[in-house]
Amino acid sequence: INRSFSTISPSLQPASPVDSLKSFRKTPLFINGEFIESQTDNWIPVHNPANNDLVTLVPETTPRELNDAVEIAADAFKSWRKSSILTRQRVLLDLQLLIREHTDIIAKSITEEQGKTFADAKGDVLRGRQVVEHACGITNLLLGEQLTVANDMDTYTIREPLGVTAGICPFNFPAMIPLWMFPLSIAAGNTVIIKPSERGPSAMMTLAQLAKEAGVPDGVLNVVHGSVGTVNFLCDNEHIKAISFVGSDKAGKYIHQRGTSNGKRVQANLGAKNHGVIMPDANKNHTLNQLAGAAFGAAGQRCMALSTAVFVGEAQEWLPELVERAKTLKITGGFEPDADIGPLISRDAKTRVEQLIQSGVEQGAKLELDGRNPSVPEKYKNGNFVGPTILSKVTTNMDCYKKEIFGPVLVCLSVDTLDEAIDLINKNPYGNGTAIFTNSGSNARYFTSNVEVGQIGINVPIPVPLPMFSFTGNRASIQGDVNFYGKSGLQFYTQTKTITSLWRHEDVNHTKSAVTMPT
Ligand code: NAD
């Protein structure tokens with residue numbers, strides 16, 4: 001077994017964004033504080049989406065390795081749960097600093113494996129690091145409740161860790177989403193198994209190394225890889241008490257069902273179709289800038305991408321200007337300094353997005369801007385690029401409206417009133433995010449009261465809450481009812497004990513048994 005991570009990973013020195021990694025390598029497992037090469041015969045290739053060069057091979061972790069990882073995590077829990085809260089806080093304080101210092105190298109691996117622009121990849125790391133920073137407040141976050149209920153009787157609560165928790169991650173935020181999961185879980189005293197996306201594992205490997213350097217003890221954080229086989233193992237293994245999942249509807253519903261039927265807690269964040277309502281009284285320039293950024297940024301591969309525009313009344317006259325603004329976005333490899341939009345994750349994803357654009361055309365939408373076959377520099381000719389695409393005259397029965405496209409495609413609908421816009425949003429099954437662009441306080445207030453979506457922006461296109469709040473998508477965008485990070489996140493990773501104590505100062509001098517309920 002090749003145990004040396006340093007021989008198979010990039011150096012942890014912050015790297016220049018244009019340095020390319022030397023050659024493809026095998027992504028290791030991280031078990032018991034060691035980087036280990038899997039013994040599997042089954043390796044999944046990861047390609048750079050900008051040129052389809054091979055970047056790394058990800059193992060389908062063997063059952064024996066999975067078992068080792070979970071047994072080690074279960075064993076590590078015995079001591080980690082007894083560690084002082086100040087010890088855990090210290091580790092997190094060091095981890096957030098190390099992440100800050102190594103932002104560039106984490107971001108570099110994200111751009112290389114996932115495709116998003118280097119600037120956007122740094123945002124991916126930042127938004128994840130903010131959860132670590134929040135978890136550094138664990139000494140306050142874990143405070144319990146106490147009430148003196150009678151002269152001699154006190155009731156108080158303590159929040160205790162669960163045991164081994166697992167995290168199953170999607171490809172689109174290779175740093176942020178693992179960071180939604182393991183820091184808070186570890187801070188609460190759990191041990192963790194993370195399964196990164198098999199399409200972008202390296203950011204998590206660097207985070208594991210940084211966690212080790214920050215003092216996370218061996219076995220407390222472990223990383224395994226693979227696809228369905230690994231997921232099934234995590235859903236079934238008796239040591240795993242809770243599963244955090246972020247990804248597609250299909251996988252999330254399956255994992256929620258399988259995990260909960262095995263008695264585990266499961267929180268699952270799923271897909272989305274986020275609508276932006278454009279009122280004619282909005283600030284036009286701000287609105288068009290925000291709309292184009294939120295629809296096409298990260299090539300639309302964000303669960304909070306604003307992929308559906310609902311123009312109210314005269315606001316639909318702004319469409320030609322939106323098209324002009326979208327045309328100015330630069331489509332190229334994510335390391336290029338002027339890149340606005342990078343490639344899609346895979347050739348399959350590109351084909352799927354192109355087919356959904358075509359379906360819109362065939363079902364009666366108007367193609368205002370066609371991003372298929374965009375012009376890109378010669379060295380990216382083999383990449384999975386689709387440029388900004390705008391479809392107008394879209395109706396709710398079209399596939400391009402009904403499906404999450406997950407590409408740089410904005411579908412535009414028009415309505416006459418705010419009520420019609422709200423009705424349309426509420427009829428859509430998803431409830432992840434929505435936004436209204438308006439200068440009217442009463443329109444904004446009416447919208448927030450009546451729209452059935454969990455995260456709402458007012459002149460803010462992608463209203464992802466900071467970690468002192470929670471990520472509160474609702475309806476079909478979530479399975480389970482305890483949200484990620486913030487207060488809910490901590491609730492998910494802990495269970496409450498409530499203790500009632502009686503310390504009576506006087507002697508008990510009667511002999512009657514207490515057979516009735518105390519009143
Ligand atoms: P995905 O479901 O394909 O993969 C997510 C994880 O599930 C991966 O680790 C993968 O190995 C595993 N997986 C995939 N198929 C599986 C199956 N059939 N059985 C068991 N496990 C399986 O998702 P993705 O394509 O990586 O991510 C994109 C999706 O994630 C989009 O739908 C997006 O909206 C969603 N997403 C949601 C949020 C949110 O907070 N709501 C955030 C980010 C992404």
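Remember, it's 1-based here, ligands and their atoms both numbered in the order they're listed. Model, not experiment: these values are computed from the prediction. Side-chain atoms are counted along with the backbone in the values below, which use heavy atoms only and exclude waters and symmetry mates.
Atoms of ligand 1 found under 4.0 Å from any heavy atom of Ile177, numbered from 1 in the order shown, are 42 (C), 43 (C). The distance from ligand 1 to the heavy atoms of Asn172 drops below 4.0 Å at these ligand atoms: 43 (C), 44 (C). Atoms of ligand 1 lying under 4.0 Å from any heavy atom of Ile168, numbered from 1 in the order shown and given with element: 6 (C), 7 (O), 9 (O). Heavy-atom contacts of Gly271 reach the following atoms of ligand 1: 32 (O), 34 (O) (cutoff under 4.0 Å).
Of all protein heavy atoms, the one lying nearest to atom 20 (C) of ligand 1 is Val231 CG1, 3.6 Å. Protein heavy atom at the shortest distance from atom 36 (N) of ligand 1 is Cys303 CB, 3.5 Å. Closest to atom 18 (N) of ligand 1, if we only count protein heavy atoms, is Val228 CG2, 4.0 Å. Of all protein heavy atoms, the one closest to atom 10 (C) of ligand 1 is Glu198 OE1, 3.5 Å. Here the heavy atom of the protein found nearest to atom 40 (O) of ligand 1 is Asn269 ND2, 3.1 Å. Ranking protein heavy atoms by distance to atom 23 (O) of ligand 1, first place goes to Ser248 N, 3.3 Å. In terms of protein heavy atoms, atom 27 (O) of ligand 1 is closest to Pro170 CB, 3.3 Å.
Looking at Asp348 and Arg352, no side-chain N of the basic residue comes within less than 4.0 Å of a carboxylate O on the acidic one, giving no salt bridge.
Between the side chains of Glu198 and Ser227, no donor-acceptor pair of N or O atoms lies under 3.5 Å. Side-chain polar atoms of Thr395 and Asn397 form a donor-acceptor pair below 3.5 angstrom. Side chain to side chain, Asp53 and Asn48 fail the donor-acceptor criterion of an N or O pair below 3.5 Å. Counting only N and O atoms by type, the side chains of Gln363 and Asp399 include a donor and acceptor under 3.5 Å apart.
An N or O contact shorter than 3.5 Å links Arg199 to ligand 1 by distance. Backbone and side-chain nitrogen or oxygen atoms of Phe171 are examined, and one is located within less than 3.5 angstrom of a nitrogen or oxygen of ligand 1. At least one N/O-N/O distance between Leu270 and ligand 1 falls below 3.5 Å.
If you check each of Ser197, Gly247, Ser227, Gly433 against atom 30 (O) of ligand 1, the one with the closest non-hydrogen atom is Gly247. Looking at Gly167, Cys169, Pro174, Ala251 and measuring to atom 5 (C) of ligand 1, the nearest heavy atom belongs to Cys169.
The only option from Phe245, Trp180, Phe492 that meets the ring pair (Phe, Tyr, Trp, His ring centres under 6.0 Å) definition with Phe484 turns out to be Trp180.
Other residues, nucleotides and ligands contribute only 12 or fewer heavy atoms inside 6.0 Å of the NZ atom of Lys487.
With a 4.0 Å heavy-atom cut-off, ligand 1 is reached by the side chain of Glu404 but not by its N, CA, C or O. Of the heavy atoms in Ile345, none comes closer than 4.0 Å to ligand 1. Under 4.0 angstrom from ligand 1, there are no non-hydrogen atoms of Phe484. The proximity of Asn432 to ligand 1, defined as any non-hydrogen pair under 4.0 Å, is limited to the side chain.
At least one heavy atom of Trp180 sits under 4.0 Å from some atom of ligand 1. At least one heavy atom of Phe245 sits under 4.0 Å from some atom of ligand 1. Phe406 counts as a contact of ligand 1, since one of its heavy atoms falls under 4.0 Å from the ligand. Residue contacts with ligand 1: Asp249 is excluded, as none of its non-hydrogen atoms falls under 4.0 Å.
In this structure, Lys108 forms no cation-pi arrangement with Phe335, as its terminal cationic atom is not both closer than 6.0 Å to the ring centre and no more than 45° off the ring axis.
Atom CG in Asn172 sits 4.0 Å away from atom CZ in Phe406 (nearest 0.5 Å). The distance from atom NZ of Lys212 to atom CG of Leu98, rounded to the nearest 0.5 Å, is 13.5 Å.
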Exercise for review: Begin with the C-alpha distance, continue with both residues' side-chain angles, and end with the deciding distance and a verdict on side-chain hydrogen bond (donor to acceptor under 3.5 Å, both in side chains) for Ser202 and Arg25.
Suggested key: CA-CA 11 Å; Ser202 295; Arg25 60 196 188 278; 2.8 Å; yes

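A donor-acceptor contact shorter than 3.5 Å links the side chain of Lys195 to the backbone of Gly226.
Judged as a salt bridge (Lys or Arg N to Asp or Glu O under 4.0 Å), and not counting sequence neighbours, Glu404 has no contacts.
Two residues are said to be in side-chain contact when any heavy atoms from C-beta on lie closer than 4.5 Å; Gln479 and Gln257 fail this criterion.
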